[in-house]
There are 2 protein chains.
Amino acid sequence: MATGRTHRPATRSRGIPEATVARLPLYLRALTALSERSVPTVSSEELAAAAGVNSAKLRKDFSYLGSYGTRGVGYDVEYLVYQISRELGLTQDWPVVIVGIGNLGAALANYGGFASRGFRVAALIDADPAMAGKPVAGIPVQHSDDLEKIIQDNGVSIGVIATPAGAAQQVCDRLVAAGVTSILNFAPTVLSVPDGVDVRKVDLSIELQILAFHEQRKAGEEAASGDGALPTAAARSESADQGPDGDMPAVMPA
Amino acid sequence: MATGRTHRPATRSRGIPEATVARLPLYLRALTALSERSVPTVSSEELAAAAGVNSAKLRKDFSYLGSYGTRGVGYDVEYLVYQISRELGLTQDWPVVIVGIGNLGAALANYGGFASRGFRVAALIDADPAMAGKPVAGIPVQHSDDLEKIIQDNGVSIGVIATPAGAAQQVCDRLVAAGVTSILNFAPTVLSVPDGVDVRKVDLSIELQILAFHEQRKAGEEAASGDGALPTAAARSESADQGPDGDMPAVMPA
DNA sequence: ATGTCTTTGTGAACGCGTGCACAAAGATGG
DNA sequence: CCATCTTTGTGCACGCGTTCACAAAGACAT
């Protein structure tokens, strides 16, 4: 998994644990798949298997939302889809801006899974004047000079940062000042934001490093790294079960 | 953050907690930045601030690696960079294959932050015959028919899946059968893998949904959703502190 | 050498998340 | 209406992760 919670005092919002919130989208995806197959009800056991979690955990998660199941039967798929969607705030439209239209930004802009989840790419913003006006994914790129106006005109509260690390904090500050209160950060930097602003971070490099750690453990051990030979301070390394909407990865062209 | 741990029995590898492992790359990035500014030593307080964590947590994390600090002074930057790199297995070369060269796969292939961390894109693989031979990021795309041979010839143990969800499990199975034991999955699907194989998942859609949840909490509450009016089952919704290498987000062209 | 001052390393307490195991609830059949 | 069977909802215990707070360790000055 490529996630990491940033700047979140583990504040349990109205009794729903953060860990549960993080799993709701997972359940929702599995449920939507069932819904498309016109499955009327599902047991916690089946749904848990589809979502890849423990069934007891799933039931406990749902218990935070209320008692939506029927004992002896299971959960009504359609009803549960609605309840989770509502809880996640997906029944409303969320305009989103993407800042930094490089390779990644463009890939994000092309992602088709936004709309089906209530997210709408309201604008693409880049600092490069040469990009301005050029359409990406059918949306013309706008220059970052107009960032504040774009945010306000569209009532945007969620921003995606896909700029180089050096620009991320500055972009973040402007987004926040303009009214954005939730940020998804792809830049490899720790963003500092005022209280009340949520930041979530996606960092491929970190994910790979975590995999490498475990990989080393699996492969190694017998390789017996010379633990004794500690280097001096100068010895630095030179260093098919298809989702409903999401038939594509998070970032995929149509 | 766009991460989610998948299929990991919280097995504490040789005493290093999983949560600590997930933070090591963060420390490493901060340390590398200090190293580039030729800062010789750093205190836990300073480093923690740079990495965006609590200083006590950082010290405890480091304590799992050993006693690398000097009381009254702090940590030797270069030495710590080396120790963490070694612990994460970044002192060796990790050949990686990317399967699914769509928008995202291409963006990943162009990511420059791989090499500086010991990761090397050994091959790009796609199922589309039209893609075969076409260079992406200077690397010719190979057809998925040759997947097994590519894995084995290059000694690849880490695979990145950037295919549509429908193909992900099948690709995963083939990767695993060919010898891959760590997978970074960008497809919105729960992958099932045998024991001994690590899977980490990156899902943009989930991250946005989590943000939407908190956003709704912040904006809402007074919006007073009509909780009483429960819909029938049919009422479904229609639905600049620059990192060293990582001057770019995880996925950015050179 | 002695004292002071800074910073590490960690013992201990606390809180969250997980999973077990079971009682309560309801469906279903006779 | 009663018995049986399935599945939920949850009380409880356990373990991991976080944080506090402080003793131990060393640098540095005198």
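Every chain is numbered from 1 and lettered A, B, ... according to where its sequence line falls, protein lines coming before strand lines.
- The nearest whole Å value for the distance from the OH atom in Y64(B) to the P atom in dG11(C) is 11 Å.
- Rounded to an integer number of Å, the gap from CG of D76(B) to P of dT8(C) is 13 Å.
- Checking G72(A) against S63(A), the closest nucleotide of DNA chain D that is more toward the 5' end is the one next to G72(A).
- Proximity of a side-chain donor or acceptor of S43(B) to a complementary backbone N or O of E46(B) within less than 3.5 Å is detected.
- Using a 4.0 Å cut-off, some side-chain N or O of N54(B) falls inside it from OP1 or OP2 of dC20(D).
- Place R71(A) and T20(A) on DNA chain C by their nearest nucleotides, and T20(A) ends up nearer the 5' end.
- For S44(B), a side-chain nitrogen or oxygen approaches OP1 or OP2 of dT8(C) to under 4.0 Å.
- Between G52(A) and V190(B), the closest heavy-atom pair is CA-CG1, 4.0 Å.
- Among dT8(C), dA27(D), dA27(C), the nucleotide with an atom closest to any side-chain atom of T70(A) is dA27(C).
- Protein atom CD of E18(B) is 12 Å distant from nucleotide atom C1' of dG17(D), rounded to whole Å.
- L65(A) has its CG atom 10 Å from the P atom of dG9(D), to the nearest Å.
- Between Y111(A) and F114(A), a ring centre-to-centre spacing shorter than 6.0 Å is recorded.
- Across the protein-nucleic acid pair, R59(A) atom CZ and dA23(C) atom P stand 15 Å apart, rounded to whole Å.
- Between the C1' atom of dG26(D) and the OH atom of Y75(B) lies a distance of 14 Å, rounded to the nearest Å.
- Side-chain N/O atoms of R23(B) include one lying less than 4.0 angstrom from OP1 or OP2 on dT18(D).
- Put simply, NZ on K57(B) is 15 Å from C1' on dC14(C), counting in whole angstrom units.
- Residue order along DNA chain C, read from the 5' end via each residue's closest nucleotide, puts G69(B) first among K60(B) and G69(B).
- Every residue meeting the side chain to side chain contact (heavy atoms under 4.5 Å, CB included) condition with S157(A), not counting sequence neighbours, appears here in chain and number order: W94(A), T181(A), E215(B).
- Rounded to an integer number of Å, the gap from L80(B) CG to dT8(C) C1' is 13 Å.
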